[in-house]
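The chain is numbered in sequence order, starting from 1.
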Amino acid sequence: MITSSPTPSLIDPFQRRIEYVRVSVTDRCDLRCSYCMPKGFDGFHEPDDWLTFGEIERVVGAFVRLGVQRIRLTGGEPLVRRDLPDLASRLSALPGLSDLSLSTNAVRLDKYAVALKTAGVRRVNVSLDSLRPERFAQITGGGKLHKVLRGLDAAHAAGLAPVKINMVAMGGVNDDEIEDMVAFCAERDFTLRLIETMPMGDTGRNATGQYLNLQTVRERLNERFDLIPDLQPGGGPARYYRVSGSKTTIGFITPISQHFCETCNRVRLAADGTLYLCLGQDSSYALRPTLRAGASDAELEAAIRSAIGLKPERHEFREKPEKVIRFMSMTGG
């Protein structure tokens, strides 16, 4: 059973408390979103290179003992990893964990929503960049919108809440749908989070021509909806606003136009056990060799502390957009 967490004790070199770990269970995905994974890419890790559920449980357990409060399961697409609800159940049973959530494209969510809820997943973030079937298929490399909508209905029925919709806002691609997405979320009491494109690998850099400054989008939405500053639980980087006179909340994730590095409280564990300390830097630490060498819990915790000591102050997406060659699905959510 999930319980309240201890006082955080993982402090990076810039005195930020690390309270949040995004755990990728696979680098594979059943969609091919244009800004995330190269078309035709097949250079995935072999399953033997992925951390086993037992290894993930050990790493997450170490992080929780060190004060991490929130764990998010990601991919690739996490629901392509077999028996994911079993892993969720094992993690939610760890003493001290206060929040277990999932990022998904929702294509398979209708099959797993109830099992995930039963296993201890509290809430989901769903990637959804268009409500138009043909456009959705184009962005995702052939995805079927009706499967995602079915998954969203299943998540709501299962009691996974809040459901947050993550929409990457792209100029000339889907920027004409943002108001429609606000209305879609308002009808269902979903939270909408708008995200700026980032130069992650060739896929991200190829999308820089579609970059949309969300400061201007927020001003545009404010003229129509009257946005009031608000807060949302979850530990993420979004700045939230509530639509006046409603329960609808819109979050803006702005790594380019208004970075949030000074409050960064998260690291990412890739499927192969590499710990990435910053989305926009190359700083990393390989935990898999430590695990497979038979490290004790104390040695594993020491390795994590050493890794946190490598966390940089900030990304350099603006200054050096060519710096990060790995693309988003390799990093882990």
Side-chain angles (χ1 to χ4, degrees), residues 28-41 74-80 103-110 124-156 163-221 223-225 238 243 248-257 327-329 333:
R28 305 188 184 201
C29 188
D30 44 7
L31 297 180
R32 291 292 184 274
C33 295
S34 56
Y35 50 80
C36 184
M37 188 182 298
K39 185 176 182 180
F41 177 79
T74 73
E77 168 49 45
L79 293 179
V80 305
S103 287
T104 176
N105 60 30
V107 168
R108 303 171 187 233
L109 190 55
D110 64 315
V124 291
N125 285 15
V126 174
S127 297
L128 180 59
D129 298 324
S130 176
L131 294 170
R132 303 178 186 179
E134 291 185 3
R135 180 179 287 177
F136 178 84
Q138 182 177 12
I139 294 171
T140 60
K144 306 296 185 183
L145 179 62
H146 73 272
K147 293 184 178 180
V148 177
L149 299 180
R150 192 167 60 201
L152 286 170
D153 288 341
H156 179 74
V163 173
K164 295 182 180 179
I165 301 298
N166 288 348
M167 180 183 189
V168 177
M170 296 171 279
V173 177
N174 64 353
D175 53 320
D176 58 340
E177 285 192 71
I178 294 175
E179 284 83 354
D180 292 341
M181 194 69 79
V182 173
F184 174 83
C185 291
E187 290 171 1
R188 294 158 178 81
D189 290 333
F190 294 164
T191 295
L192 173 61
R193 306 199 318 167
L194 301 172
I195 305 172
E196 292 178 342
T197 56
M198 291 173 278
M200 294 285 296
D202 290 340
T203 51
R205 281 187 288 277
N206 290 341
T208 55
Q210 302 162 355
Y211 169 74
L212 190 62
N213 186 326
L214 288 185
Q215 306 303 319
T216 60
V217 172
R218 180 175 57 80
E219 293 170 2
R220 182 178 107 195
L221 293 178
E223 292 179 359
R224 175 172 172 180
F225 295 108
V243 175
T248 305
T249 304
I250 306 172
F252 298 84
I253 300 179
T254 55
I256 308 300
S257 66
F327 44 86
M328 181 66 78
S329 66

Take Arg135 and Asp176 through the test salt bridge (charged side-chain N to carboxylate O under 4.0 Å, His left out) and record every step on the way to the result.
CA-CA 12 Å; Arg135 180 179 287 177; Asp176 58 340; 2.7 Å; yes
Checking side chain to side chain contact (heavy atoms under 4.5 Å, CB included) for the pair Met170/Asp175: CA distance, chi angles, key distance, verdict?
CA-CA 6 Å; Met170 296 171 279; Asp175 53 320; over 6 Å; no
The test is side chain to side chain contact (heavy atoms under 4.5 Å, CB included); show your working for Met181 and Leu131 and say whether it passes.
CA-CA 7 Å; Met181 194 69 79; Leu131 294 170; 3.9 Å; yes
I would like to know whether Ile253 and Leu194 meet side chain to side chain contact (heavy atoms under 4.5 Å, CB included); could you show each step before the answer?
CA-CA 6 Å; Ile253 300 179; Leu194 301 172; over 6 Å; no
Test side chain to side chain contact (heavy atoms under 4.5 Å, CB included) on Ile250 and Val243; report intermediate values, then the result.
CA-CA 8 Å; Ile250 306 172; Val243 175; 4.0 Å; yes
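Residues Arg108 and Val80 are in side-chain contact: their nearest non-hydrogen atoms beyond the backbone lie under 4.5 Å apart. At least one side-chain heavy atom of Leu128 sits under 4.5 Å from a side-chain heavy atom of Leu152.
Looking at every heavy atom in both residues, Thr197 comes nearest to Tyr211 through OG1-CA, 3.5 Å. Nearest heavy atom pair, residue Cys185 against residue Leu192, reads SG-CB, 3.8 Å. Taking every heavy atom of both residues into account, Ala238 and Gly251 meet most closely at CB-CA, 4.1 Å. Closest non-hydrogen pair, Arg132 versus Asp180, comes out as NH2-OD2, 4.2 Å. Listed here is the closest heavy atom pair of Ser103 and Pro78: O-CG, 2.9 Å. Summarising the geometry of Arg220 relative to Ile178, their closest heavy-atom pair is NH2-CB, 3.7 Å, with the distance given to 0.1 Å.
For the atom pair Ile195 CD1 and Ser127 OG, the distance stands at 7.0 Å (nearest 0.5 Å). With rounding to the nearest 0.5 Å, the separation of CD in Glu196 from CG in Asn213 is 5.5 Å. Atoms CZ and OG1, on Phe225 and Thr248 in that order, are 8.5 Å from each other to the nearest 0.5 Å. In this structure, the separation between CZ on Arg193 and CG on Asn125 is 4.5 Å, given to the nearest 0.5 Å. Between the CD1 atom in Ile139 and the CG atom in Leu31 there is a gap of 11.0 Å [rounded to 0.5 Å]. To the nearest 0.5 Å, atom CD of residue Gln215 and atom OG1 of residue Thr254 are 5.5 Å apart.
In terms of modelled atom types and a separation under 3.5 Å, the side chain of Arg188 and the main chain of Phe184 share a donor-acceptor contact. Side chain of Asp110 to main chain of Arg150: no donor-acceptor pair is present (N/O by atom type, distance under 3.5 Å, no hydrogens or angles).
Checking each of Asn105, Leu109, Thr140, Val126 against Val148 for a side-chain contact (heavy atoms from CB on, under 4.5 Å) leaves exactly one that passes, namely Val126.
Listed by chain and number, the residues in a side-chain hydrogen bond (donor to acceptor under 3.5 Å, both in side chains) with Asn174 amount to none (sequence neighbours excluded). Residues that satisfy the side-chain hydrogen bond (donor to acceptor under 3.5 Å, both in side chains) test with Thr104, not counting sequence neighbours, are Glu77.
Between the side chains of Glu177 and Ser130, at least one donor-acceptor pair of N or O atoms lies under 3.5 Å.
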